[in-house]
Amino acid sequence: MEFIVPVTTDHLTARTSHLTPRDRDLLDKLGDHKVLSTSHVHHIWFASRRTAEMRLNELRELDMVSKFTFARQGGGVDEHMWTLGVLGHQWQASRDKRAEPTRRAALAMIHQTEASRTLTHLLLVNEFFARLAGHARRHPGASLERWWSDAKSTSAFRGVQPDGHALWSVEGEFAGLFLEADTGTEPLTRVVAKLAAYRRLAANDSASYPVLFWLHSPKREAHLQQQLRAANVQVSVATATHDADPAGPVWLTSGSRDRVPFWQLPSNHGAAVAGNPNFRDGELDLPGRDPFHP
């Protein structure tokens, strides 16, 4: 992998002066979600894939992002993946009023992302939200108002460990979700057992959002649906497969034959209790600006 070597001591200020609001949003998302593919960037921010590739390469020349390839299981190489570059890590630290990492430390973070054992799962999670964001960009009435990583979701909603969380609005009506992105490696009994934590969260008057299991095959979805019916779960749960558009009418609830959009499922922001991130000073405080509609 090549890295651009800064040529002046004020390179960070000089190079960030070229960043557009869209660039800054892209860097923010890379900071929060670690890695995005070229397709993800295209769906979220650009009408043209070619334009997305050109801008990503321009940011790479500025050392704001870094590029690598990801080998598929069974052979072959997927499209390019993008992470924060050396200056991207330093810019983010400066923006967050943290100590800027040295070049060596920033390179180590880049390499850790590339070598992560959970990279396949992380890309799957980010694929889900990239599809939602792309849908919102193409449909003015829809908005992805909040997209939280697993770490931020777990910190905000104590007691549950989703793969991600989102707030979605359609014509101003808000709906939340917790994502469980399934790669098919866990026993289904363990998958179903995760719902107990969401039940406790709702019982404590915190948010009660549908738990969406995004599954890798119709066969696994059918087996999970059987287990969900047998378990008689007491939270809102729906399933769909990876080939389905998550913003569409693809979500199947237990005991139903009809698939619906997730935003039609029961969704409750909870009450003004300690630890509920939807409230501030006792008042419901949901985001009101769509970052994917400039």
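Heads up: numbering here begins at 1 and tracks the sequence. These figures come from a predicted structure and were not determined experimentally.
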List the steps and the verdict of side chain to side chain donor-acceptor pair (under 3.5 Å) for H43 and R131. CA-CA 7 Å; H43 291 320; R131 291 190 195 181; over 6 Å; no
Is a donor on one side and an acceptor on the other found under 3.5 Å between the side chain of R138 and the backbone of G134? yes
Counting N and O atoms only, with roles assigned by atom type, does the side chain of Q90 sit under 3.5 Å from a partner on the main chain of P101, one being a donor and the other an acceptor? yes
Going through the checks in order, is the side chain to side chain donor-acceptor pair (under 3.5 Å) test met by N276 and R158? CA-CA 9 Å; N276 188 341; R158 299 296 176 87; over 6 Å; no
Could you go through the side chain to side chain donor-acceptor pair (under 3.5 Å) check for E221 and T239 one step at a time? CA-CA 7 Å; E221 181 185 24; T239 64; 2.7 Å; yes
Can a donor-acceptor pair be found between the side chains of T118 and S116 at a distance below 3.5 Å? yes
Taking it one step at a time, do W91 and E100 satisfy side-chain contact (heavy atoms from CB on, under 4.5 Å)? CA-CA 8 Å; W91 171 81; E100 294 179 18; over 6 Å; no
Taking atom types as modelled and ignoring hydrogens, do the side chains of T20 and D23 form a donor-acceptor contact shorter than 3.5 angstrom? yes
For L286, which of H269, R280, E145 qualifies under side chain to side chain contact (heavy atoms under 4.5 Å, CB included)? H269
Any ion pair linking R49 and E79 (charged N to carboxylate O, less than 4.0 Å)? yes
Are L122 and M109 connected in a single hydrophobic cluster, I mean Ile/Leu/Val/Met/Phe/Trp/Tyr linked by side-chain heavy atoms less than 4.5 Å apart? no
Whether F178 and F157 hold their rings parallel, tilted or perpendicular, with breakpoints at 30° and 60°: perpendicular
According to a hydrophobic-cluster definition based on side-chain heavy atoms being under 4.5 Å apart (Ile, Leu, Val, Met, Phe, Trp, Tyr only), do M64 and M54 belong together? no
Do Q161 and T154 have side-chain N/O donor and acceptor atoms under 3.5 Å apart? no
Can a donor-acceptor pair be found between the side chains of R146 and N278 at a distance below 3.5 Å? yes
Could you give the distance from CG (D285) to CZ (F279), rounded to the nearest 0.5 Å? 9.5 Å
Regarding S37 and W82, is there a side-chain donor-to-acceptor distance under 3.5 Å anywhere? no
Give the C-alpha distance, both sets of side-chain angles, the deciding distance and a yes or no for side-chain contact (heavy atoms from CB on, under 4.5 Å) between K67 and N57. CA-CA 9 Å; K67 176 173 69 173; N57 281 306; 3.5 Å; yes
If you apply the rule side chain to side chain donor-acceptor pair (under 3.5 Å), what do you find for Y198 with Q234, and how did you get there? CA-CA 9 Å; Y198 293 103; Q234 299 176 4; over 6 Å; no
Just by distance, no angles: are the side chains of D25 and W45 close enough, under 3.5 Å, to form a donor-acceptor pair? yes
Does the gap between the ring centers of W147 and H165 come in under 6.0 Å? no
Hphob cluster co-occupancy, V211 + L252, side-chain heavy atoms under 4.5 angstrom: no
D182 side chain vs G184 backbone, donor-acceptor pair below 3.5 Å: yes
Rounded at 0.5 Å granularity, tell me how far CG in L119 sits from CD in E114. 9.0 Å
What about H242 and F128, are their ring centers closer than 6.0 Å? no
Any salt bridge between K194 and D163, counting N to O under 4.0 Å? no
Euclidean distance, L215 CG relative to Q225 CD, rounded to 0.5 Å: 8.5 Å
Are more than 12 heavy atoms, taken from residues, nucleotides or ligands other than R104, located less than 6.0 Å from that residue's CZ atom? no
What is the distance from atom NE2 of H80 to atom OG1 of T69, rounded to the nearest 0.5 Å? 6.0 Å
Report yes or no: does W251 contribute a side-chain atom to a donor-acceptor pair with the main-chain N or O of P246 at less than 3.5 Å? yes
Who pairs with R117 by side chain to side chain contact (heavy atoms under 4.5 Å, CB included), at least two apart in sequence or on another chain? none
With no hydrogens and no angle check, just 3.5 Å: does a side-chain donor-acceptor pair link D243 and T241? yes
